[in-house]
Amino acid sequence: MIKTHRYASGLRLVMEKIPSVRSVSIGVWIGAGSKHETPDNNGISHFIEHMLFKGTTTRSARDIAEAFDSIGGHLNAFTSKECTCYYAKVLDQHVEYAFDVLSDMFFNATFSEEELEKEKNVVIEELHMYEDTPDDVVHDLIAEATYKNHSLGYNILGRKEVLQKLTPEDLRRYMDQYYTPENTVIAVAGNIDENQMIRLTETYFDRFKNQHKPKKQPLPRVTSEHLLKVKDTEQAHLCIGLEGLPLGDSKLYALILLNNILGGSMSSRLFQQIREEKGLAYSVFSYHSCFQETGSLHIYAGTSVHQVEQVYELCTSILHDLAQNGVTEKELRNGKEQLKGHLMLSLESTNSRMSRIARNELLLNRHLTLDQIVAGIDAITLDDVHQLASRLFKQKHSFALVSPLEHIPDSIHPEQLLV
């Protein structure tokens, strides 16, 4: 059972009790990510995530690092396009201690000038590491091509020249805007006492001073740009981008299944035809990114420079076939079992269960039972998948290429319809 509790301030607590385990996963989720940034502060969400680990009024950065090691727990954080999360996993006997440390980081970070300058260098080194990984770069490039001039296309890590200018006041101003009670969800999953969670959340987290309403972002629009980044790499890394579906869309299960058939598994069409049959790539797959107002479906492949056009043509021919003919009964049946299997396996981790209920509360504002999800998967028909493929694949597409090539091959025309 998933239970929610809303405080008068607007802060939300969402809980899932799992009596069969001895661990508890706790997440502090804020609706603030690169989507909420501007060109002048791109990277600030991720930088704040780093700085909350760099010391509070009562704990040094080392104290924070040692806090969870001393109890055999785990502390970490991440930033995405639409949210930032600070999370911990501990034994059930250490739950209040975890609340104490997390809330101290959340409310009492000092943002000292010395730590700020050191952490700028750390994040810049993270950017350098990212730039040395072309198969990461191409995914950000396809996001930029897919959401031209919209913040969903921004790099989560930000840009060096922006990071170097950030001040403690910039961080506090951004937190005042987005780290607000109505924009924050505390998520807990594991061996918990629900009344204790309500009390601990009130004690440690329901003490916000800022009540700003987060700024509304302009609605994103999927575009058909094509972008090239020239790098001295052994392989060419290419991505094709198509419009997908937003969170909560009634056809989302059908799209997740379609993506698995397209390129989400070893038995998928992309993997079988491009890697197994043709031997043109070691890594080839597709993935769907869901956001509150939109979504995008991307295909990735890494291949030799002289094989880019051949791989691209195979990808588009697979999309064409799916749009024209749909999927087979066997693919539909296997795809449903695959989705249900992934769902059930994910429930074995308190951390993944905490993440699931937090995302649903923060971004979707509703929760489905397992029975409802399984029923939704079982209800998908061949016609559902065919109609979706016909609609999504009969459109212009974005294209991104990272390679030593100094131009995109002439046979690749993202501005034309795929099907």
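When reading the values below, keep in mind they use all heavy atoms of this one structure, side chains included, and skip hydrogens, waters and symmetry mates. Only a predicted model underlies this, so the values are computations on that prediction, with no experimental measurement involved.
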Any side-chain heavy-atom pair of T110 and T57 under 4.5 Å:
yes
Output yes when a side-chain donor or acceptor of H288 lies under 3.5 Å from a complementary backbone atom of L245, and no otherwise.
yes
Kindly determine whether L52 and M175 satisfy side-chain contact (heavy atoms from CB on, under 4.5 Å), including the steps that lead there.
CA-CA 11 Å; L52 259 61; M175 289 185 74; 4.3 Å; yes
Between Y287 and H298, how do the two ring planes meet: parallel, tilted or perpendicular, split at 30° and 60°?
perpendicular
Main-chain N/O of E313 paired with T316 side-chain donor or acceptor, under 3.5 Å:
yes
If only atom types and distance count, is the side chain of K81 paired as donor or acceptor with the main-chain N or O of Y154 below 3.5 Å?
yes
Checking side-chain contact (heavy atoms from CB on, under 4.5 Å) for the pair V24/T350: CA distance, chi angles, key distance, verdict?
CA-CA 7 Å; V24 178; T350 58; over 6 Å; no
Can you name the one residue among D63, T56, T58 that meets side chain to side chain donor-acceptor pair (under 3.5 Å) with S60?
D63
Keeping E406 on the side-chain end and V230 on the backbone end, is there a donor-acceptor pair under 3.5 Å?
no
Minimum side-chain heavy-atom gap L227-E144 below 4.5 Å:
yes
Measure from the ring center of Y7 to the ring center of F205 and say whether it is less than 6.0 Å.
no
Which residues pass the salt bridge (Lys or Arg N to Asp or Glu O under 4.0 Å) test with R62, not counting sequence neighbours?
E66
Rounded to the nearest 0.5 angstrom, the SG-NE2 distance for C239 and H139 is 5.0 Å
T84 (side chain) donor-acceptor with A32 (main chain) under 3.5 angstrom:
yes
If you take the centroid of each ring, where Trp contributes its six-membered ring, are F106 and F208 closer together than 6.0 Å?
yes
Can you tell me how far apart CD (Q164) and CD (E117) are? Round to the nearest 0.5 Å.
9.0 Å
Not counting sequence neighbours, which residues clear salt bridge (Lys or Arg N to Asp or Glu O under 4.0 Å) with E131? List them please.
K231
Quick one: which residue pairs count as a side chain to side chain donor-acceptor pair (under 3.5 Å) with a foot in residues 69-79, not counting sequence neighbours?
E49-T79
E114: what forms a salt bridge (Lys or Arg N to Asp or Glu O under 4.0 Å) with it, not counting sequence neighbours?
none
Quick one: does T303's side chain have a donor or acceptor within less than 3.5 Å of a partner on L280's backbone?
yes
For S45 and G33, indicate whether the former's side chain and the latter's backbone hold a donor-acceptor pair under 3.5 Å.
yes
Check: Y179 ring centre within less than 6.0 Å of Y174 ring centre
no
When rounded to the nearest 0.5 angstrom, what is the spacing between NZ in K3 and NE2 in H367?
13.5 Å
Step-by-step side-chain contact (heavy atoms from CB on, under 4.5 Å) determination, L319 to L262
CA-CA 8 Å; L319 292 170; L262 171 62; 4.0 Å; yes
Of L13, L200, V14, L102, which is the lone residue that meets side-chain contact (heavy atoms from CB on, under 4.5 Å) with I186?
L13
Can you check whether T167 reaches F111 side chain to side chain, under 4.5 Å on heavy atoms?
no
N/O donor-acceptor pair under 3.5 Å between R275 side chain and A281 backbone
no
Going by side chain to side chain donor-acceptor pair (under 3.5 Å), name the residues that satisfy it together with E182, two or more places apart in sequence or in a different chain.
K213
How would you list, by chain and number, every residue that makes a salt bridge (Lys or Arg N to Asp or Glu O under 4.0 Å) with R159, sequence neighbours excluded?
E161
Are the side chain of N183 and the backbone of Y178 linked by a donor-acceptor contact shorter than 3.5 Å?
yes
Does some side-chain heavy atom of S352 sit less than 4.5 Å from a side-chain heavy atom of L347?
no
Parallel, tilted or perpendicular: rings of Y312 and F399 (30°, 60°)
perpendicular
Checking Q235 side chain against G302 main chain: does a donor-acceptor pair fall under 3.5 Å?
yes
